[in-house]
Amino acid sequence: MLIDHPLLGPRDASEFIYMGDAKLLNRPNWKSQNSKTKFLDYGYLRKNPAGVHKELWYHEQGDRSWLVVTRNTVTHEILKVELARDTKGK
Amino acid sequence: MKYSGFKVLWEGLKGNTGWKPLWRKPDPKKNYDIIIVGGGGHGLATAYYLAEKFKITNIAVVEKGWLGSGNIGRNTTIIRSNYLLPQNQPFYEFSLKLWENLEQELNYNSMVSQRGVLNIFHSDSQRDAFVRRGNAMLMSGADASLLGVDALKKLVPFLDFQNSRFPIKGGLWQPRGGTVRHDAVAWGYAKEADSRGVDIIENCETTNFLIKNGRCYGVETTKGVIKSKKVGVCVAGSSSQVMGKIGINLPIESHVLQAFVSEGLKPVIPGVITFGAGHFYVSQSNKGGLVFGGDIDGYNSYAQRGNLPVIEDVCEGGVALMPMIGRARLLRTWGGIMDMSMDGSPIIDKTKIRNLYFNGGWCYGGFKATPASGFCYAHLLATDKPHNDAKDFLFNRFERGRLIDEKGQGNQPNLH
């Protein structure tokens, strides 16, 4: 797979480490109501879709940026690549 | 149908005209006691043990494709019980004991071949870890012994003992481990379940569950509505898809694991050998092909095919361990979808919906677990209580912080 890095252009996926579902960007507040349930959901439960999936890739063998990659898990087609810092909170 | 040496001889004389299909192709009835969603190895084993041990025979196994079309026919066929943690090891040893008696029990030749599993180590600290693992195996009643370099040179002289980066210091040896003809496991369980009255319904995809007041009372399928008192889901890589139909998120990611077969070679590899410094394991099939594999690709996938970097990595590991295979040509590679759980261990449990049960999260270790998974799942479905050897494989271990993390990697599935 080639990941079209927003700053560096197309890079081989093997330069990256896959870090899971992009929902990990939105960490629950430990002081919120039901924070125990929210952290169970955050830490362990996943939608794991067959189809379009937003996920985190860390460019360890490159510029160490965190990317949010929108990818189809059935075809491995990469639909969109963004810097994680640009998507945070959206 | 009963198999015997006499029957084989008799059919040989009659031109093999007397063999019959091993299972019927029934249409689904309106009602069952138990429906098992997923006709793979675990689902068929569950049906068999429900019928044989718990005397429940009004069962349907509904399968999306044809029987044995999933991971039961896509794995690298290894059986072993060389786990460390007390929640895991007794379960896998129970499974290995069931494997040892499987062919007699099912009257079917699944080619259970206990040719040994050898885990190579390359450093002093790795030896210490393997000694500990070996002791855990012995305490569960399994067999294990530590082999030094001299013993290894007799057993597997072709390894690269003097590899300058990963010199071989010895190995942990489980003689009772080995390989099994994987499809034959599905066929054997299907044959015996069918002969006890279980309906195996192929090409019948489960599209939804029938739920009322928090209770499950059947499934909707592509062959119509089927009702039952209990429903057991057992669909491996598709677990999140099936449970997602009723909005249940699982502690599972689906990943692709690749496997490889070389061209057929003369017998060279005596058992199963694993590399301790990278992820590579190999055995030789009865047809002579080297069957090997390594890590999962590491990203969510339902594609049943992987990418080239992992192929390169696995082959590098193989050549580092046994340079002689460098000239063997790769015949075939393929991928299967693994239901990678968050701690690398499986789940056999009830769900929050009554009468709906779940079995999954086997990661890439589901094949060796087939008999015990079926047995323990049958126990849960029949008695509503977990089997003693699977009593820790529960959903609530994640919220309670009692993970069964065999590799100590934390909640990141692609590291298990």
Side-chain angles (χ1 to χ4, degrees), chain A residues 1-4 10-28 30 34-62 66-81 84, chain B residues 235 237-245 247-256 295-313 335 337-345 347 352 360-361 395-403 405 410-416:
Chain A
M1 290 187 292
L2 282 178
I3 294 178
D4 193 7
R11 309 298 304 180
D12 192 296
S14 60
E15 293 177 7
F16 294 79
I17 296 180
Y18 178 79
M19 300 300 279
D21 193 317
K23 84 181 213 178
L24 291 169
L25 289 174
N26 299 312
R27 188 184 172 87
W30 65 273
N34 307 324
S35 61
K36 194 184 155 194
T37 318
K38 284 180 187 163
F39 270 99
L40 172 69
D41 182 76
Y42 175 79
Y44 298 109
L45 303 183
R46 299 290 179 264
K47 279 225 157 52
N48 191 19
V52 176
H53 187 222
K54 282 192 140 186
E55 54 203 22
L56 292 169
W57 291 75
Y58 171 56
H59 199 190
E60 194 191 41
Q61 308 289 328
W66 287 73
L67 305 183
V68 173
V69 175
T70 308
R71 189 177 59 95
N72 188 322
T73 59
V74 177
T75 62
H76 295 166
E77 185 190 7
I78 291 172
L79 305 164
K80 193 173 173 190
V81 184
Chain B
V235 294
S238 304
S239 291
S240 297
Q241 295 311 300
V242 171
M243 299 306 279
K245 293 180 196 302
I248 293 182
N249 285 349
L250 298 171
I252 284 173
E253 286 180 1
S254 292
H255 285 251
V256 59
D295 271 325
I296 54 175
D297 272 36
Y299 44 81
N300 286 31
S301 174
Y302 286 90
Q304 291 199 319
R305 60 183 163 74
N307 276 306
L308 288 170
V310 166
I311 296 178
E312 189 179 5
D313 183 63
I337 305 307
M338 310 293 119
D339 38 340
M340 299 297 298
S341 68
M342 283 288 166
D343 59 357
S345 295
I347 296 157
K352 62 187 178 187
F395 278 115
N396 71 8
R397 69 175 188 261
F398 296 99
E399 63 187 83
R400 296 175 68 208
R402 297 177 67 90
L403 303 189
D405 192 347
N411 56 342
Q412 204 180 330
N414 60 357
L415 295 181
H416 289 294

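A, B, ... follow the sequence lines: proteins, then strands. Residue 1 opens every chain. All values below were derived from every heavy atom in this structure, side-chain atoms included, with hydrogens, water molecules and symmetry-related copies excluded.
- Judged as a side chain to side chain donor-acceptor pair (under 3.5 Å), and not counting sequence neighbours, the contacts of A:Ser14 are A:Asp12.
- Going from atom CZ of A:Arg71 over to atom OH of B:Tyr299 covers 7.0 Å, rounded to the nearest 0.5 Å.
- At most 12 non-hydrogen atoms from other residues, nucleotides or ligands lie less than 6.0 angstrom from NZ of A:Lys54.
- Closest of all the heavy-atom pairs between A:His76 and B:Asn307 is ND1-ND2, 3.8 Å.
- Listed options A:Met1, A:Lys36, A:Glu55 were ranked by heavy-atom pairs under 4.5 angstrom with chain B; first place goes to A:Met1.
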_Residue pair B:Asn411, A:Tyr42: steps toward the side-chain hydrogen bond (donor to acceptor under 3.5 Å, both in side chains) verdict_ = CA-CA 11 Å; B:Asn411 56 342; A:Tyr42 175 79; over 6 Å; no
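- Interface remark: B:Glu253 contributes backbone and side-chain atoms alike to the contact with chain A (heavy atom separation under 4.5 Å).
- Annotation: maximal heavy-atom pairing with chain B below 4.5 Å, among A:Ile17, A:Thr37, A:Leu40, A:Asp21, occurs at A:Leu40.
- With a 4.5 Å cut-off on non-hydrogen atoms, B:Leu250 touches chain A through its backbone but not through its side chain.
- Side-chain contact of A:Tyr18 with B:Asn300: a donor-acceptor pair under 3.5 Å is present, judged by distance alone.
- Taking CZ of B:Phe395 as the reference point, atom CG of A:Leu45 lies at 9.5 Å (rounded to 0.5 Å).
- To the nearest 0.5 Å, the span separating OG1 on A:Thr75 from CZ on B:Arg305 amounts to 7.5 Å.
- With chain A as the partner, the residue from B:Pro251, B:Ser341, B:Gly410, B:Ser239 showing the most heavy-atom pairs under 4.5 Å is B:Pro251.
- Contact annotation for A:Asn72: neither backbone nor side-chain heavy atoms come within less than 4.5 Å of a heavy atom of chain B.
- Interface remark: B:Glu399 contributes backbone and side-chain atoms alike to the contact with chain A (heavy atom separation under 4.5 Å).
- Between A:Tyr44 and B:Leu403, the shortest heavy-atom distance links the atoms OH-CD1, 3.6 Å.
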